[in-house]
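Chain A is the first sequence line, chain B the second, and so forth, proteins listed ahead of strands; every chain is numbered from 1.
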Amino acid sequence: MVKKLGAEFYNRKDVVKISKELLGKILVTNWKGVITSGRIVECEAYAGVIDKASHASGGRRTPRNEIMYGEGGYAYVYLCYGIHHLFNVVTNSRDIPHAILIRALDPIEGIEEMLLRTDKKKLDHTLTRGPGNVSKALGIFTKHSGLSLLGDRIFIADDGGRYSKKETAASPRIGVDYAGKDAFLPYRFYVKGNPFVSGKPR
DNA sequence: GAGTAGATCCTCT
DNA sequence: GAGGATCTACTCA
């Protein structure tokens with residue numbers, strides 16, 4: 001039984017808790033009938049204004065991150081280093097800019113299509129490892145920023161699959177060294193032993 | 001195997 | 001005009 005997550009899932013206040021619950025859920029994109037999906041095995045929480053690693057740190061508000069200040073349940077896509085598209089899930093309610101970065105997926109559906117998009121010959125653990133690759137494999141670009149996850153084009157589903165506490169772990173986030181002590185917050189959640197988890201142990 | 005540099009472009013100051 | 005929530009390839013050991 002697969003069911004799409006509704007607004008009540010995203011609009012809760014505890015972004016860390018939502019992040020943990022996202023592990024095991026399925027991210028689906030449906031561009032003009034072409035469906036690709038994967039199970040979320042790694043993500044990071046960005047806790048709004050108090051989090052120096054977040055784009056909304058200290059209450060920063062720009063046209064780019066405006067979507068983070070909206071309702072939960074929207075996609076926030078951002079281009080990093082001119083190359084990588086990073087896909088985030090906006091959570092919490094209006095004016096509270098919490099978001100969750102999806103870092104890795106375990107591919108389920110549309111693997112052929114993902115291989116085409118990423119210019120790979122065969123499935124290997126690099127296909128959906130790392131946020132840049134996830135977006136590439138699912139065909140997510142900055143123009144998709146602001147899309148509702150309650151629609152049909154991009155959404156997150158629950159098929160009842162769930163990882164137990166023993167199978168998951170938390171660690172400091174990746175690539176946010178500039179954030180001072182906030183870089184050490186254990187806001188990265190992943191499935192232990194999954195080959196798609198980008199492992200840069202610290 | 002580990003460490004480092006380069007790619008590449010949008011966004012904010 | 002500078003820098004970034006990254007990835008890959010290449011160098012050196």
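- A:I96 and A:V90 sit in two unconnected hydrophobic clusters of ILVMFWY residues. Membership requires side-chain heavy atoms under 4.5 Å apart, directly or through other members.
- With distances taken from any side-chain atom of A:L79 to the nucleotides B:dC12, B:dC9, C:dA5, the minimum falls on B:dC9.
- Remark on DNA chain B: of its neighbouring residues A:T62 and A:Y81, the 5'-side contact belongs to A:Y81, judged by nearest-heavy-atom nucleotide.
- Distance A:L86 CG to C:dA5 P: 9 Å, rounded to the nearest Å.
- Atom NZ of A:K120 is separated from atom C1' of C:dT8 by 10 Å (rounded to the nearest Å).
- Looking at residues 88-117 of chain A, you'll see A:N88, A:L101, A:R103 sit with a heavy atom under 4.0 Å from some atom of DNA chain C.
- Taking atom OH of residue A:Y76 and atom P of nucleotide B:dT11, one finds them 9 Å apart after rounding to whole Å.
- Within the 4.5 Å cutoff, no side-chain heavy atoms of A:T36 are placed close to those of A:E109.
- Stacking here means ring centres nearer than 5.5 Å and ring planes tilted less than 30 degrees, and by that measure A:Y78 does not stack onto C:dA5.
- Of all nucleotides listed (C:dA5, C:dT8, B:dT8), B:dT8 comes nearest to the side chain of A:I83.
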Watson-Crick and G-U pairing of DNA chain B written in dot-bracket, each distance under 3.5 angstrom, with | for inter-strand partners: |||||||.||||.

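- At whole-Å resolution of the value, NE2 in A:H55 and C1' in B:dC10 are 11 Å apart.
- Applying the side chain to side chain contact (heavy atoms under 4.5 Å, CB included) test between A:L27 and each of A:I40, A:L22, A:I108 identifies A:I40 as the sole match.
- Here A:H84 does not reach the OP1 or OP2 of C:dA5: none of its side-chain N or O atoms lies under 4.0 Å away.
- At a threshold of 4.5 Å between non-hydrogen side-chain atoms, the residues A:L127 and A:P107 count as touching.
- In this structure, the ring of A:H125 has its center no less than 6.0 angstrom from the ring center of A:F196.
- The distance from atom CG of A:D119 to atom C1' of C:dC7 is 15 Å, rounded to the nearest whole Å.
- Few gaps surround CZ on A:R60; more than 12 heavy atoms of other groups in view lie less than 6.0 Å from it.
- Between the side chains of A:K120 and A:T126, at least one donor N or O lies within less than 3.5 Å of an accepting N or O.
- Per the geometry, CD belonging to A:E66 stands 11 Å off P belonging to B:dC12, to the nearest Å.
- Within a heavy-atom distance below 4.0 Å of DNA chain C, the residues of residues 132-141 of chain A found are A:G132, A:N133.
- By the 6.0 Å and 45° rule, A:R103 does not stack over the aromatic ring of A:F189.
- Between A:R60 atom CZ and C:dG4 atom C1' the separation is 10 Å, expressed in whole Å.
- With A:Y69 as the aromatic partner, A:R94 does not meet the cation-pi criteria of under 6.0 angstrom to the ring centre and within 45 degrees of the ring axis.
- Surrounding NZ of A:K17 are at most 12 heavy atoms belonging to other residues, nucleotides or ligands under 6.0 Å away.
- One can place NZ of A:K52 at 18 Å from C1' of C:dG4, the figure rounded to the nearest angstrom.
- Aromatic ring orientation, A:Y78 versus A:H55: perpendicular (interplanar angle above 60°, classes split at 30° and 60°).
- In this structure, A:R12 is positioned above the aromatic face of A:F9, its NZ or CZ under 6.0 Å from the six-membered ring centre and within 45° of the axis.
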